[in-house]
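Working notes, beginning with the structure itself.
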Number of protein chains: 2
Amino acid sequence: MLRSYEDLRIKEPNLGRDSLTERELDIMSVLWRYESGTVSEVREGLADEPGYTTVLKILQILEEKGAIRHETEGRAYRYYPLVAPEEEGGRALKKILDKIFHGSAELMLARLVSDTEISRDQIERMRLLLEDAASRAEEEDR
Amino acid sequence: MLRSYEDLRIKEPNLGRDSLTERELDIMSVLWRYESGTVSEVREGLADEPGYTTVLKILQILEEKGAIRHETEGRAYRYYPLVAPEEEGGRALKKILDKIFHGSAELMLARLVSDTEISRDQIERMRLLLEDAASRAEEEDR
DNA sequence: TCACGTATACGAAGGATGTCGTAGACAGGA
DNA sequence: TCCTGTCTACGACATCCTTCGTATACGTGA
């Protein structure tokens with residue numbers, strides 16, 4: 001990179017607001033997967049089942065943050081996500097792209113491909129997706 | 001998704017090791033960008049310049065965590081990253097892929113393309129990258 | 001020599017997270 | 001009726017992050 005500190009054009013913005021923490025993300029993940037869940041159900045969905053009240057507490061924190069809501073179901077509450085995974089994912093990806101890969105989407109994609117197990121089918125579909133994006137961009141130019 | 005909670009094959013793992021927090025990531029980002037930095041330099045690299053000792057403190061925490069090291073330079077310390085951005089980025093991407101996109105790399109890529117501004121050049125290079133990956137995978141099959 | 005500016009070290013304060021224990025509400029069965 | 005099991009509510013507590021204020025060291029210039 002080798003930029004000079006006198007280069008004041010680049011400043012690391014501190015955007016990161018009420019992003020989800022590790023445990024909160026665990027729980028959102030369960031809710032996204034099953035579309036909703038009671039405290040017990042969410043608890044069962046976690047690999048290390050924490051205490052019942054622990055899960056409840058974090059659900060309450062998430063509700064406080066506006067990430068989920070609940071409805072009464074019998075004697076229990078059923079929680080529903082209010083933010084879609086794609087939305088949260090977009091935020092998270094943008095953060096990584098900016099702060100870690102400094103805007104290079106291809107570096108990021110290279111790391112994704114080399115670092116994780118992705119099936120050939122998936123790679124093929126991803127390739128087609130980019131082909132579409134490229135041709136769509138070209139069309140816009142005309 | 002509509003899976004049943006009786007489907008116990010899927011459990012949300014709690015991997016969450018000592019991952020970097022928001023502010024820590026801000027500071028790592030500066031160090032990655034410039035390859036090294038003193039306290040003052042890092043501070044200047046942040047959009048909202050926090051207090052000098054605040055930056056120092058977080059650098060000390062990062063050193064404690066093993067993410068950076070320092071050398072004496074004159075009367076000051078110069079800090080160097082010990083983890084590469086690609087490494088940290090790989091971890092972060094895997095987390096997002098698993099917990100938010102539930103393993104669907106193409107959904108993730110779709111969101112990346114639709115959500116962020118990526119130049120046509122970049123898209124083209126990404127497409128080539130996937131082409132390579134695909135043909136390499138095919139070769140391995142033979 | 002002495003003040004000043006620049007460094008790091010130390011520790012405290014405030015807030016959030018993640019853990020849970022306990023209390024209280026309530027339904028259903030013995 | 002009363003016990004038991006299942007809920008949520010509330011609050012405690014340890015830990016961590018982030019923010020600084022203050023103390024201390026040290027080199028340089030007047």
Side-chain angles (χ1 to χ4, degrees), chain A residues 5 12-31 36-80 88 92 95 99, chain B residues 5 12-31 36-80 88 92 95 99:
Chain A
Y5 275 94
E12 199 58 36
N14 176 5
L15 24 89
R17 239 0 305 142
D18 41 21
S19 63
L20 301 179
T21 63
E22 206 60 34
R23 202 48 142 172
E24 289 169 354
L25 189 59
D26 285 343
I27 286 181
M28 286 306 294
S29 182
V30 174
L31 289 181
S36 76
T38 63
V39 178
S40 297
E41 287 171 351
V42 169
R43 181 158 175 264
E44 283 171 24
L46 296 166
D48 63 325
E49 303 192 2
Y52 185 98
T53 52
T54 301
V55 177
L56 171 63
K57 177 64 138 192
I58 298 185
L59 285 167
Q60 286 168 341
I61 290 174
L62 284 169
E63 191 163 33
E64 176 80 20
K65 287 189 178 180
I68 63 178
R69 68 183 175 83
H70 77 267
E71 282 176 8
T72 301
E73 180 184 84
R75 290 172 52 208
Y77 289 171
R78 176 163 294 277
Y79 289 89
Y80 298 87
E88 186 62 29
K95 190 177 80 178
K99 296 198 177 179
Chain B
Y5 274 94
E12 200 58 36
N14 175 6
L15 23 90
R17 345 117 259 95
D18 37 19
S19 64
L20 301 179
T21 64
E22 206 59 34
R23 202 47 141 175
E24 289 168 354
L25 189 60
D26 285 343
I27 286 182
M28 287 306 294
S29 181
V30 175
L31 290 180
S36 76
T38 63
V39 178
S40 298
E41 288 171 351
V42 170
R43 181 158 173 263
E44 282 171 24
L46 296 167
D48 63 325
E49 302 193 3
Y52 185 98
T53 51
T54 301
V55 177
L56 171 63
K57 178 63 141 192
I58 298 185
L59 284 167
Q60 287 168 340
I61 290 175
L62 283 169
E63 191 163 33
E64 176 81 20
K65 287 189 178 180
I68 63 177
R69 67 182 175 83
H70 77 267
E71 281 177 9
T72 301
E73 181 183 86
R75 289 173 52 209
Y77 290 170
R78 176 163 292 277
Y79 289 89
Y80 299 87
E88 186 63 28
K95 188 176 83 178
K99 296 199 177 179

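In what follows, chains are A, B, ... by sequence order, proteins preceding strands, each numbered from 1.
Under 4.0 Å is where a charged nitrogen must lie from a carboxylate oxygen, and between K99(A) and E22(B) at least one such pair does.
The interatomic distance linking E24(B) (CD) with dC17(D) (P) rounds to 5 Å, in whole Å. In this structure, the CD1 atom of I58(A) is 16 Å from the C1' atom of dT8(D), given to the nearest Å. With rounding to whole Å, L59(B) atom CG is found 12 Å from dT19(D) atom P. Following rounding to the nearest Å, E22(B) (CD) and dC16(D) (C1') show an atom-to-atom distance of 15 Å. dC10(D) atom P lies 8 Å from atom CD of Q60(A), rounded to whole Å. Here dG27(D) presents its P atom at 7 Å from CZ of R75(B), a figure rounded to the nearest Å. Put simply, CD on E64(A) is 14 Å from C1' on dA9(D), counting in whole angstrom units. What separates CG of L56(A) from P of dG21(C) is a distance of 14 Å, to the nearest Å.
Within residues 66-73 of chain B, no residue is approached by DNA chain D to less than 4.0 Å at the level of any non-hydrogen atom.
Contact check, K57(B) against dT22(D): no side-chain N or O comes under 4.0 Å of OP1 or OP2. Between S40(A) and dT6(D) there is no side-chain polar atom (N or O) within less than 4.0 angstrom of OP1 or OP2.
Considering CZ of R43(B) and CD of E49(B), their distance stands at 5.0 Å, rounded to 0.5 Å.
Across all strands shown, Y52(A) has heavy atoms under 4.0 Å from base atoms, whether or not it also approaches the sugar-phosphate. Contacts of T53(A) with the nucleic acid, taken as non-hydrogen atoms under 4.0 Å apart, include base atoms.
Below the 3.5 angstrom threshold, one finds no donor paired with an acceptor across the side chain of R23(B) and the base of dT18(D).
Picking from dT8(D), dT18(D), dT19(C) the nucleotide with the shortest atom distance to the side chain of A76(A) gives dT8(D). Closest contact between the side chain of Y77(A) and the listed nucleotides dA7(C), dA9(D), dA9(C) involves dA9(D).
Nearest approach of M28(A) to A67(A), heavy atoms of both residues: CE-O, 3.9 Å.
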